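All remarks here apply to the structure that follows.
So that the names make sense, note that chain A is the first sequence line, chain B the second, and so on, each numbered from 1. Since the structure is predicted, the reported quantities are computational estimates derived from the model, not experimental observations.
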Number of protein chains: 2
Amino acid sequence: MQARRGTGIETFAKRCKMTPDAIQGRTSRMTRDIGTDHTHGGAEKPTLRTVAQATGFSVATVSRALADDPRIAARTRAIVAEAAKRLGYIPDRAARRLRTGRTQVITLLLNTEHEFLGFTHEFLSGITERLRGTGYSVTVVPDDPGEDRLTPVRTILRNNLADGLLFTRTECFDPRVRMLMEAGLPFVSHGRTEFTMPHPYVDFDNEAFARQAVARLVEQGRDRLSMILPDDKFTFCQHLRYGFVSAAREAGVAHEVLEGVTLDSDREEISCALNACLRRPERPNGFVCVGEVTALMTMAAMTDAGLTPGIEADIVAKRASPIFDNIRPRIETVYEDLRATGRAMAEMLLRRIDGEPAEGLHVLFEPGRCG
Amino acid sequence: MQARRGTGIETFAKRCKMTPDAIQGRTSRMTRDIGTDHTHGGAEKPTLRTVAQATGFSVATVSRALADDPRIAARTRAIVAEAAKRLGYIPDRAARRLRTGRTQVITLLLNTEHEFLGFTHEFLSGITERLRGTGYSVTVVPDDPGEDRLTPVRTILRNNLADGLLFTRTECFDPRVRMLMEAGLPFVSHGRTEFTMPHPYVDFDNEAFARQAVARLVEQGRDRLSMILPDDKFTFCQHLRYGFVSAAREAGVAHEVLEGVTLDSDREEISCALNACLRRPERPNGFVCVGEVTALMTMAAMTDAGLTPGIEADIVAKRASPIFDNIRPRIETVYEDLRATGRAMAEMLLRRIDGEPAEGLHVLFEPGRCG
DNA sequence: GCCCCGAATTATAACGTTTCAATTCATCAG
DNA sequence: CTGATGAATTGAAACGTTATAATTCGGGGC
């Protein structure tokens with residue numbers, strides 16, 4: 001693979017003689033070059049032009065060479081790569097974005113109400129971890145409760161603000177999923193939907209968690225189980241409910257889902273429901289809790305009712321934070337690794353952006369007992 | 001203020017006749033226009049050109065008009081604004097960024113190790129809350145423990161990735177502050193420094209918190225106080241230490257700072273230190289805790305040693321999450337409102353970006369007792 | 001020797017914006 | 001009537017990139 005036209009240096013020499021047919025545009029550009037050369041010596045931000053001038057190749061060639069385009073001679077690519085590195089060239093994101101339409105940004109829709117403790121931190125850390133080194137950056141867009149969930153998505157689509165989207169708290173027929181599929185913007189949801197067309201998702205096997213929790217409580221001789229469930233509109237709640245109810249039914253134990261409570265956030269309501277249920281003569285002796293706050297509320301309600309967790313009733317809880325190592329009495333917990341979830345979602349999104357089909361792209365994390 | 005040159009419509013009519021001196025560039029542009037008109041009827045992204053054609057003004061005028069430039073006639077501005085709205089024009093961020101160098105992005109340096117529970121969520125929610133409606137978006141860049149803290153800052157500066165920076169866990173002579181001041185990039189730190197040159201910051205009055213905590217414990221008759229302090233390299237830890245030590249000294253009670261522990265994250269170490277200290281004959285009877293995890297660890301260590309929080313020793317803790325409402329026995333807590341902190345930091349950063357001098361820009365949140 | 005192929009490179013336009021430096025034109029002073 | 005004034009507008013360049021359509025030129029086939 002010998003360069004036919006001669007090396008960059010030769011080409012440069014030739015160019016310096018200035019070809020006869022100097023077109024207007026070219027002239028003006030050359031004029032400007034001289035102007036640029038006049039400026040102070042050191043700190044100009046290196047651009048493609050800088051590298052082009054240093055190597056003697058044209059801007060176009062340099063651009064292609066840096067993209068490892070096979071149409072550029074291997075030797076040229078090497079020379080350009082070396083020069084770019086030496087000069088500290090870094091492609092300008094704005095220019096590239098303007099030209100290509102790709103933003104090099106992925107956006108996370110962040111619920112701004114109460115979180116499952118530690119969720120946001122771990123999740124975001126996982127995402128940034130995976131994105132490190134790729135040119136992508138994460139932007140966070142609020143998914144405010146009470147606001148239409150589609151508005152941020154619409155804004156992102158209209159203004160072309162991201163190459164891909166991540167979001168949580170997925171609903172069974174999540175309108176965001178529908179809109180994104182129609183628009184063709186890559187995305188990964190935390191949680192499944194019930195649309196027939198497949199889309200990428202990462203989920204925790206909440207059904208399995210609920211089943212395990214029931215099994216564990218039954219093992220410990222508990223036979224009146226209760227579960228506090230967030231709003232049913234989220235898919236994961238339906239999985240929890242299904243796992244809980246069917247496992248309890250199979251085990252032949254009494255069970256109930258505490259109704260009338262919505263999300264982890266409506267603390268007052270949950271407290272009332274808990275207190276009421278603990279005062280019933282046939283009160284539950286086993287609780288399945290979905291988040292740490294719910295679990296702590298259950299413990300507090302028991303304590304306030306003069307009962308001791310582990311004696312009159314057992315609790316199994318899902319957790320995403322480390323606090324349960326320090327809660328006394330100890331209760332059994334299952335850890336959902338949200339850092340790994342964030343990593344996996346970012347990974348999938350990158351693949352999807354790279355054009356991989358949606359079909360195979362999903363992960364279901366199995367619960368591993370801990371604590 | 002009458003338009004001298006005639007309304008947009010007249011100008012448009014005139015332009016359609018095509019002036020004699022049609023320069024090359026113009027011709028080619030017109031050609032392209034026709035090509036564009038040929039395409040399918042509806043969904044072209046509206047750009048300045050679209051608005052210009054619709055109103056009959058030039059792109060330059062439209063651009064100025066939308067920026068409310070006083071050199072553009074008031075009537076023209078109104079016409080253009082109306083048309084832009086009607087057509088759904090939204091300025092292209094990439095183009096604007098390329099042209100102006102401003103990114104419309106602010107970046108949050110996010111520590112990716114363990115958080116004070118709920119910190120990230122609340123903080124980010126506050127930031128996005130303030131930024132809503134302004135054109136700014138937030139990107140999150142990891143500040144990985146063990147990595148050089150300057151690397152992300154350097155990257156942001158070199159690649160011009162943001163118009164401003166927010167970060168936490170500020171050190172007394174934080175190298176990031178120095179670098180950013182030198183580079184002239186607006187930023188707001190969560191926490192103060194000891195540099196002589198002023199810079200914008202938002203902080204919680206940790207010294208006051210520590211003093212209040214000591215006072216509260218002394219009120220309750222406690223006279224051997226202990227505090228677990230994260231790494232001294234952070235400014236806020238020094239404030240905590242100073243407040244704790246001087247208040248205890250003034251009250252004339254015994255006190256110690258548990259040494260040898262670094263951050264909230266080194267749980268094993270903290271546990272050991274706690275257990276050891278609780279087994280001493282002259283063990284502390286009052287604890288000041290900075291985070292919920294530390295507080296819970298203290299409670300757990302007491303329980304494990306056969307002691308009951310509130311009986312043999314009291315605990316006062318700072319918290320950023322709602323969990324302490326549900327911890328039994330109840331302990332006294334002081335709430336640091338991180339949502340408000342995020343809001344305030346975003347607010348200041350916006351002002352700073354707008355050119356406001358750094359001098360007056362700081363807020364110190366006073367602790368309010370709660371729970 | 002001529003023509004054409006194709007490998008290697010290059011000129012140029014374009015992405016959508018902002019802004020400098022004109023240009024236009026009514027008005028007013030002289 | 002002329003020239004200066006200044007308000008209103010505009011042409012064109014520029015930001016740094018990529019993609020399309022040339023251009024160059026050695027070599028192989030005839």
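Taking CZ of B/Arg343 as the reference point, atom OG of B/Ser125 lies at 10.5 Å (rounded to 0.5 Å). Distance CG/A/Leu165 to CD1/A/Ile353: 9.5 Å, rounded to 0.5 Å.
What separates CZ of B/Arg71 from P of C/dA22 is a distance of 15 Å, to the nearest Å. Distance CZ (A/Arg102) to P (C/dC15): 16 Å, rounded to an integer number of Å. Straight-line distance from the CZ atom of A/Arg96 to the P atom of C/dG16: 18 Å, rounded to whole Å. A/Asp69 places its CG atom 17 Å from the P atom of D/dT17, with the value rounded to the nearest Å. Between the P atom of D/dT17 and the CD atom of A/Gln104 lies a distance of 13 Å, rounded to the nearest Å. The interatomic distance linking A/Ile90 (CD1) with D/dG16 (P) rounds to 14 Å, in whole Å. In this structure, the CG atom of A/Leu48 is 16 Å from the C1' atom of D/dA14, given to the nearest Å. Rounded to an integer number of Å, the gap from A/Asp68 CG to C/dA8 C1' is 16 Å.
In this structure A/Leu150 satisfies the side chain to side chain contact (heavy atoms under 4.5 Å, CB included) test together with A/Asp148, A/Arg154, A/Pro175, A/Arg176, A/Met179, sequence neighbours excluded. For the salt bridge (Lys or Arg N to Asp or Glu O under 4.0 Å) test, residues two or more places apart in sequence or in another chain that qualify with A/Asp68 are A/Arg77. With sequence neighbours excluded, the residues forming a side chain to side chain contact (heavy atoms under 4.5 Å, CB included) with B/Thr134 are B/Arg130, B/Leu131, B/Tyr136, B/Leu350, listed by chain and number. Qualifying salt bridge (Lys or Arg N to Asp or Glu O under 4.0 Å) partners for A/Asp163, counting only residues two or more places apart in sequence or in other chains: none.
Ring pair B/Phe123/B/His190 is tilted by interplanar angle, where 30° to 60° counts as tilted.
Comparing atom distances between the B/Leu98 side chain and each of D/dT9, D/dC15, C/dA11 picks out D/dC15 as nearest. Out of C/dT10, C/dT9, D/dT17, the shortest distance to the side chain of A/Ala95 is found at D/dT17. For A/Ala73, the side-chain atoms get nearest to C/dA8 when compared with the rest of C/dA8, D/dG16, C/dT17. Side-chain proximity of A/Phe57 to the nucleotides C/dT10, D/dA19, D/dT17 is greatest for C/dT10. Candidate nucleotides C/dT17, C/dG16, D/dT9 were compared by shortest atom distance to the side chain of B/Lys45, and C/dG16 ranks first. The side chain of A/Thr47 lies closest to D/dT17, out of C/dT9, D/dT17, C/dG16.
Taking 3.5 Å as the limit, the base of C/dT17 and the side chain of A/Arg97 contain no donor-acceptor pair of atoms between them. With hydrogens and angles ignored, no donor-acceptor pair closer than 3.5 Å exists between the side chain of B/Arg64 and the base of C/dT17. Looking at B/Arg93, its side chain has no donor and acceptor atom pair within 3.5 Å of the base of C/dT17.
OP1 or OP2 of C/dT10 sits under 4.0 Å from a side-chain N or O of A/Thr61. Residue B/Thr76 places at least one side-chain N or O closer than 4.0 Å to OP1 or OP2 of D/dT9.
When the nearest nucleotides of DNA chain D are assigned to B/Ile72 and A/Ser63 by heavy-atom distance, the more 5′-ward of the two goes with B/Ile72. Toward the 5′ end of DNA chain C lies the nearest nucleotide of A/Ala60, the other residue of the pair B/Thr100 and A/Ala60 mapping further downstream.
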Name every donor-acceptor pair, under 3.5 Å, that has one atom in a side chain of residues 81-89 of chain B and the other anywhere in the protein, sequence neighbours excluded.
from, atom 1, to, atom 2, distance (Å)
B/Glu82, OE2, B/Arg86, NE, 3.2

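Of the residues in residues 154-162 of chain A, none has a non-hydrogen atom less than 4.0 angstrom from any atom of DNA chain C.
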